[in-house]
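Each remark here refers to the structure printed beneath this line.
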Protein chains: 2
Amino acid sequence: MPPRPLPRPAENDAVLVSQDVLSRLKGDILDGHFAPGARLRFAELQRLYGAGIGTLREALSHLLPEGLVELDANRGFRVAAISAEDLRDVSDLHVEFEQRAIVQSVRHGGEAWESGLVLAFHRLARIERLTREERKQRSSEWLAAHRDFHRALVAACPSRWLLRLRAQTFDHMERYRLVSQRHRPLGPSKRAEHEAIQAAALARKAELAGELLAAHLRETTETVLRHAPQFMPPPPG
Amino acid sequence: MPPRPLPRPAENDAVLVSQDVLSRLKGDILDGHFAPGARLRFAELQRLYGAGIGTLREALSHLLPEGLVELDANRGFRVAAISAEDLRDVSDLHVEFEQRAIVQSVRHGGEAWESGLVLAFHRLARIERLTREERKQRSSEWLAAHRDFHRALVAACPSRWLLRLRAQTFDHMERYRLVSQRHRPLGPSKRAEHEAIQAAALARKAELAGELLAAHLRETTETVLRHAPQFMPPPPG
DNA sequence: CAAGCAAGCATGTTCGAAAATCCAGCCGCT
DNA sequence: AGCGGCTGGATTTTCGAACATGCTTGCTTG
């Protein structure tokens, strides 16, 4: 069951093949199409993405420092493993990054930030109002909207580095959420929480927005951890 | 003036050509052989490192998410720019990472950590006892020892993610230090500070070690910033 | 003379053939 | 049976030729 048919229409605006492959490959790792720990063989990747070996290597090399794939010499690339320990580790840092970023974002955000946030929230809310069944069918749409919403919240944070690191940890958190979701039913919508965070942000209550966001993220992590045994690989012993 | 002669003897133990090129290229960017903002042309890189284009692209793709190089489509790779603003940004986060990491490291470190630290400090101290002239000649040796010393300090920190992010910001801090050093005389040795930090760590005074380390790093950043106009590119206007 | 265009060159990007490496299974030996 | 070495096939790694793109220069035209 290949993740996607071969030369997927350029729905993204990637100019370079390597960038296009990169985003597709990353998406397929984050949503669990490639299981944690799975080997990534070039023959298969070539078939799936229709790119040459060199191009694939370039994309995989990009994912290496992000911690999404691992490489051991002459044995090729593997999807990075997951563990409850790693989840707690990355989650703690991620919550902190998000909290700090949103506080600064609320304090520095101007009109453009407000508009962007309102728009992103609106798009997310439209999907989250649907029934569970509909949400399930349009999950990739929800995923993009959710991602955009969280990015919009922190978009006005002036620290480029904080945003960069937040983006890194966000990816990993997303992978944990999505991988765990494959092994349990879709949870209830977090619509109310998203709305509360957005409201606090627009009301310029920076500290409150930070607390709400942190709580939202912590709860998500706890939910994933609660279901962890169902999808976590057993310890190597 | 090429950074180094062509097929440098394999002084590191990199099994893969791409990994070897990666570490050399990274080193040459960090120490300013390739100036911030400079274009990285494949013809030149091929001549310098004796590797094929594909291999070079792989190494550059690795440096992309680390923020050391940038890519714009069909225009190739450039060394990432520097600025006083970026330095403050990355420095603030770096100081915090180091401080938290050393506190945890001191609390969790066992015998192996202690030995490693003692050894790393000893190696660094040997070089820092030399005269300024000698230190200048053996700067690459000092660089490695300094790097190892700081790594040894935080090595026992149990958070893999904290260590990973610390390593990322460390690289950028090192680049700022080295690039600025090319435009001003070598500063005085930080020997006493390093010794104080090591002593506090070995005495298991976690908080003290954290404070000393943070102060050490902040002072370094301030020194660099004080000399910033001499090496920072003027604002694009 | 300025604006627009086109040709030519410099450079970036992609791809898969060829070499290197690893690994599983087989064989012979103790 | 257990161990060590060997071989063939599977896989990874490297490389640069071939193609694509962007930039400069110099010509043409209004």
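Within every chain, numbering begins at 1; the chains are lettered A, B, ... in the order of the sequence lines, protein sequences first and strands thereafter. These numbers come from a predicted model, not from an experiment.
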Looking at CD of A:E66 and NE2 of A:H62, how far apart are the two atoms once the value is rounded to the nearest 0.5 Å?
4.5 Å
Going from CG on B:L22 to CG on B:L56, what distance comes out if it is rounded to the nearest 0.5 angstrom?
11.0 Å
Could you tell me how the ring of B:H150 sits relative to the ring of B:H146: parallel (under 30°), tilted (30 to 60°) or perpendicular (over 60°)?
perpendicular
Whether A:F34 and A:Y49 hold their rings parallel, tilted or perpendicular, with breakpoints at 30° and 60°
tilted
Sorted by chain and number, sequence neighbours left out, ring pair (Phe, Tyr, Trp, His ring centres under 6.0 Å) with B:F149 holds for B:F121, B:H194
So what does B:A43 hit on the nucleic acid, given a heavy-atom distance under 4.0 Å: a base, only sugar-phosphate, or nothing?
nothing
Quick one: label B:L45 by what it contacts on the DNA or RNA (base, sugar-phosphate, nothing), any heavy atom closer than 4.0 Å.
nothing
Carboxylate-amine/guanidinium contact A:R123 A:E128, below 4.0 Å:
no
Check this for me, if you would: do B:D28 and B:R24 make a salt bridge, where the nitrogen-to-carboxylate-oxygen distance has to be below 4.0 angstrom?
no
How close or far is atom [atom2] of [N] from atom [atom1] of [X], stated in whole angstroms?
X	N	atom1	atom2	result
B:I53	C:dT14	CD1	P	12 Å
B:F42	C:dA10	CZ	C1'	14 Å
A:L56	C:dG16	CG	C1'	12 Å
A:R39	C:dC22	CZ	P	12 Å

Shortest non-hydrogen contact between A:G116 and A:A152, atoms and distance
O-CB, 4.1 Å
Strand-adjacent residues in residues 71-81 of chain B, judged by heavy atoms under 4.0 Å from DNA chain D:
B:N74, B:R75
Going 5' to 3' along DNA chain D, which nucleotides are the first and last within contact of chain B (any atom under 4.0 Å from a heavy atom)?
D:dT13 to D:dC23
